[in-house]
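Here's the structure, in structure tokens; my notes come after.
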Amino acid sequence: MTNTAKPTSPSDQDNNTNLNALHKSQNAVVLLSGGLDSVTCLYWAKARYASVTAVSFDYGQRHNSELVAAKAIAETAGVNHRIIDIDIAQLGGSSLTDHSMIVPDGDTDKFPDKKYDEIDNDAIPNTYVPARNTIFLSYALAVAEVTDSNHIVIGVSSVDYSGYPDCRPEYIAAFQHMANLATKAGVTGHHLSIQTPLQQLSKAKTIELGLSLGVDYGQTISCYQADANGLACGVCDSCALRRQGFSQAGVADPTHYQS
């Protein structure tokens with residue numbers, strides 16, 4: 001049986017118009033790592049909301065090249081940018097913060113192909129940083145309150161990802177529920193939403209979206225172990241997914257790789 005798309009009614013069009021007008025009067029906070037996904041979210045938010053504040057974190061990661069990239073990206077986009085210092089590295093448990101651990105090579109054939117609610121602990125690589133998205137979103141929530149923002153935008157996805165449990169829709173929905181219970185904004189009727197525009201997009205579709213919004217992916221750094229000059233290793237999970245995305249999108253890869 002062929003599924004037929006439901007025609008858009010005049011009332012639906014009116015609702016969409018009203019919603020777009022509402023968003024144009026609202027502010028947003030975007031989590032900006034300096035990578036491919038987060039910069040796509042930044043430009044998505046810029047096209048949607050009145051004012052955008054980008055938030056990046058110096059959390060003890062292996063390199064600061066991504067922070068250098070994030071700063072340049074925010075300047076190019078013309079948005080407010082905050083870099084917040086937090087020391088997740090002292091907790092350990094991830095190869096992204098513990099230099100005694102080895103960052104594994106990526107293999108796109110081995111990435112999780114299960115549904116997002118069938119997480120296999122053995123499939124989660126050691127690049128997972130314990131509770132990182134919860135920590136980042138908590139800081140972003142505070143920034144949202146002080147900037148009168150209704151929305152927090154994060155570039156999580158359940159497609160073409162490394163299997164991190166804090167990228168799932170259930171987690172995002174739970175955090176949004178908590179945010180509206182735990183904040184002055186939430187309990188006084190200033191509803192806060194967590195926006196995940198990439199949740200159901202592959203890397204290729206994410207790239208296509210970003211290019212349509214004017215993103216320069218040559219500015220971004222996705223590599224887990226980029227060198228001091230911001231050159232990507234080309235072999236980690238993040239590099240493998242990124243390279244695959246550009247290939248599937250039929251777009252030249254602008255990534256600067258190490259020799």
Side-chain angles (χ1 to χ4, degrees), residues 30-43 54-77 79 81 83-89 94-111 125-129 132 136 154-157 160-164 167 198 202-211 213-259:
V30 179
L31 293 177
L32 180 66
S33 70
L36 185 153
D37 294 333
S38 68
V39 73
T40 305
C41 286
L42 178 66
Y43 276 73
V55 177
S56 304
F57 296 94
D58 187 348
Y59 64 94
Q61 58 266 61
R62 278 181 173 263
H63 60 82
N64 69 352
S65 297
E66 62 183 16
L67 289 176
V68 174
K71 183 177 180 180
I73 288 164
E75 289 176 353
T76 298
V79 300
H81 185 214
I83 298 178
I84 297 175
D85 295 325
I86 49 176
D87 190 7
I88 300 179
S94 170
S95 62
L96 297 194
T97 58
D98 185 343
H99 289 260
S100 69
M101 299 175 67
I102 297 174
V103 175
D105 290 349
D107 183 347
T108 52
D109 291 335
K110 295 179 181 178
F111 291 142
N126 70 16
T127 51
Y128 164 69
V129 180
R132 180 174 61 177
F136 286 0
I154 181 172
V156 295
S157 173
D160 285 354
Y161 74 126
S162 296
Y164 301 158
C167 289
L198 313 183
S202 65
K203 276 290 183 288
K205 291 299 182 183
T206 295
I207 290 167
E208 291 174 3
L209 172 62
L211 292 175
L213 294 169
V215 172
D216 175 7
Y217 286 115
Q219 284 190 296
T220 65
I221 296 176
S222 303
C223 181
Y224 290 149
Q225 48 189 357
D227 65 17
N229 296 316
L231 300 180
C233 72
V235 296
C236 67
D237 268 13
S238 189
C239 281
L241 282 167
R242 179 183 171 110
R243 192 194 300 272
Q244 175 181 268
F246 282 110
S247 175
Q248 292 178 347
V251 177
D253 185 354
T255 307
H256 305 289
Y257 291 105
Q258 299 167 22
S259 299

Kindly give the heavy-atom pair with the smallest separation between [X] and [Y], and that separation in Å.
| X | Y | value |
| --- | --- | --- |
| C223 | C233 | SG-N, 3.2 Å |
| A70 | L32 | O-CD2, 3.5 Å |
| A77 | L42 | CB-CD2, 3.9 Å |
| C239 | A232 | SG-CB, 3.8 Å |

Nearest-0.5 Å distance that lies between atom [atom1] in [X] and atom [atom2] in [Y]:
| X | Y | atom1 | atom2 | result |
| --- | --- | --- | --- | --- |
| F246 | L241 | CZ | CG | 12.0 Å |
| L211 | Y43 | CG | OH | 11.5 Å |
| S222 | K203 | OG | NZ | 7.5 Å |
| L31 | I154 | CG | CD1 | 5.0 Å |
| L36 | T220 | CG | OG1 | 5.5 Å |
| I84 | D58 | CD1 | CG | 11.0 Å |

Quick one: does any side-chain atom of T206 pair with a main-chain N or O of D37 as donor and acceptor, under 3.5 Å? no
Does the structure place the NZ or CZ of R243 under 6.0 Å from the centre of the six-membered ring of Y257, at an angle of no more than 45° from the ring's axis? yes
side-chain contact (heavy atoms from CB on, under 4.5 Å) partners for A72, two or more places apart: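 side-chain contact (heavy atoms from CB on, under 4.5 Å) check on A72 returns Q219.
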My understanding is that only residues two or more places apart in sequence, or in another chain, count here; which of them pass side-chain contact (heavy atoms from CB on, under 4.5 Å) with L231? D227, N229, H256, Q258
Side chain to side chain donor-acceptor pair (under 3.5 Å) test vs Y217 passes for just one of D253, T255, T40, namely T40
Distance-only side-chain donor-acceptor flag, S33 / S38, under 3.5 Å: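 Judged by distance alone, the side chains do pair up.
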Stepwise side-chain contact (heavy atoms from CB on, under 4.5 Å) check, I221 with V68: CA-CA 9 Å; I221 296 176; V68 174; over 6 Å; no
Side chain to side chain donor-acceptor pair (under 3.5 Å) filter on S56, not counting sequence neighbours, yields H81
